[in-house]
2 protein chains.
Amino acid sequence: MPFHLDTFLPYLLSVAAHRTSARFSALYAAEAGLTIPEWRVLAHLDHSGAASVRDIHNLVHLDKSVVSRAASRLELAGLVQKEGDPHDRRLIVLQLTEDGRALMQRLSRVAGSFQAQILSELGADGPALARALRQLGPGQPGD
Amino acid sequence: MPFHLDTFLPYLLSVAAHRTSARFSALYAAEAGLTIPEWRVLAHLDHSGAASVRDIHNLVHLDKSVVSRAASRLELAGLVQKEGDPHDRRLIVLQLTEDGRALMQRLSRVAGSFQAQILSELGADGPALARALRQLGPGQPGD
DNA sequence: TTGACATCGTTGCGCCAGCAACGATACGGT
DNA sequence: ACCGTATCGTTGCTGGCGCAACGATGTCAA
């Protein structure tokens, strides 16, 4: 019996993830020309307050180097402030600037309405999708 | 109200997709050192029979160039046969070789048991996840 | 038939993710 | 205090994706 790719979960996940990210990117491209890593760093800082590169690396599942470069670009753009931690001088404390907070305030509205849009498209399957994705995502055994 | 990244669907999708692909890759890495595009091309050829680069590009959501290069690598590995279409000499007909079919026979068993494993982890949410992913994937409005 | 336009596969190029190596700093045992 | 080890952030490098351009072939209308 041949194998059907279009019922295979890793494939479906990959396609759905790409397409959904692309849809969302198109939305916030109007507000700001952010890459996905940059968006994640901003979003994380927005709800966690100050955080080190390593914190973000662990919690947002981005490689250290990706976080580092995203943070540098965001600093250049004036959205993020980088300063050394006085207690541990290896650490870099990242924090949103005033501009960064203002941007995230607008973007979180965009994100919220996008999320609502997606959920309305999914109907009753929405909650199950979220549960399943959290189950498949890291933080689970072997991570 | 700050924004919570860990309930945001594009983020959850991306993380779940990466992790699930990585888990599956680790499984078939033992059988064959395939990249994800190579795996998709093989899988599609296995259940569609002969197909052109363009067919795969459309149906498997890989860029033309990615399909082209994957096919070249697979031809070098002796898993796929490339020949010109006699009716339309622009087209390249891709087909599994004997070795390719044999490999896919083994890999489809691996894939099947992996799928079963995932579904058992998801429990009752499995079917809803599949439905939701198909809904979010392309082939929907605006694609 | 000819010529304008469309389609197919390949190739070149820019870009970013992922990995490893590095310098700098912190920690722990002796 | 000192030395070996661990951790943090940055940077160089390789490889692959995505886009655009190209040559080759096909199609259709005049």
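Just so it is clear: chains get the letters A, B, ... in the order the sequence lines come, proteins before strands, and each one is counted from 1.
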Go through the side-chain N and O atoms of A:Arg40 and B:Ser14 and say whether any donor and acceptor fall under 3.5 Å apart. yes
From the options D:dG9, C:dA26, C:dC8, select the nucleotide whose nearest atom is closest to the side chain of B:Leu91. C:dC8
Close side-chain approach of B:Met104 to B:Arg101, heavy-atom, < 4.5 Å: no
Per atom distances to the A:Arg90 side chain, the nearest of C:dT10, D:dA6, D:dG26 is D:dA6
A:Arg89 side chain, from C-beta outward: closest of C:dT10, C:dA26, D:dC8: C:dA26
From NE2 of A:His57 over to P of D:dT7, roughly how many Å is that when rounded to an integer? 12 Å
Minimum-distance nucleotide to B:Arg54 side chain [options: D:dG26, C:dT10, C:dC8]: C:dC8
How are the rings of A:Phe24 and A:Trp39 set relative to one another: parallel (under 30°), tilted (30 to 60°) or perpendicular (over 60°)? perpendicular
Please state how far atom NE2 in B:His87 lies from atom P in D:dG26, giving the value in whole angstrom units. 12 Å
Give a yes or no on whether a salt bridge exists between A:Arg23 and A:Glu121, defined as a side-chain N under 4.0 angstrom from a carboxylate O. yes
Examine D:dT10: is either OP1 or OP2 under 4.0 Å from a nitrogen or oxygen in the side chain of A:Lys82? Give yes or no. yes
Just how far, in rounded Å, is P of D:dC8 from CG of A:Leu94? 14 Å
Side-chain N or O of B:Ser68 closer than 4.0 Å to phosphate OP1/OP2 of C:dG9: no
Donor + acceptor pair across side chains of B:Ser65, B:Asp63 (<3.5 Å): yes
Stepwise side-chain contact (heavy atoms from CB on, under 4.5 Å) check, A:Leu136 with B:Leu122: CA-CA 8 Å; A:Leu136 291 177; B:Leu122 293 177; 4.1 Å; yes
Can you give me the closest heavy-atom contact between A:Phe8 and B:Ala111, atom names plus distance? CE1-O, 3.6 Å
Whole angstrom value for the distance that separates P of D:dT10 from CD1 of A:Ile56: 11 Å
Atom pairs, N/O to N/O, protein against nucleotides 15-18 of chain D, distance under 3.5 Å?
{"from": "D:dG18", "atom 1": "O6", "to": "B:Arg69", "atom 2": "NH2", "distance (Å)": "2.8"}

Atom-to-atom span, CG of A:Asn58 to C1' of D:dT7 - whole angstrom: 12 Å
Measure NZ/A:Lys64 against P/C:dA21 and give the value in whole Å, please. 12 Å
Between C:dA26 atom P and A:Asp88 atom CG, what is the distance in whole Å? 5 Å
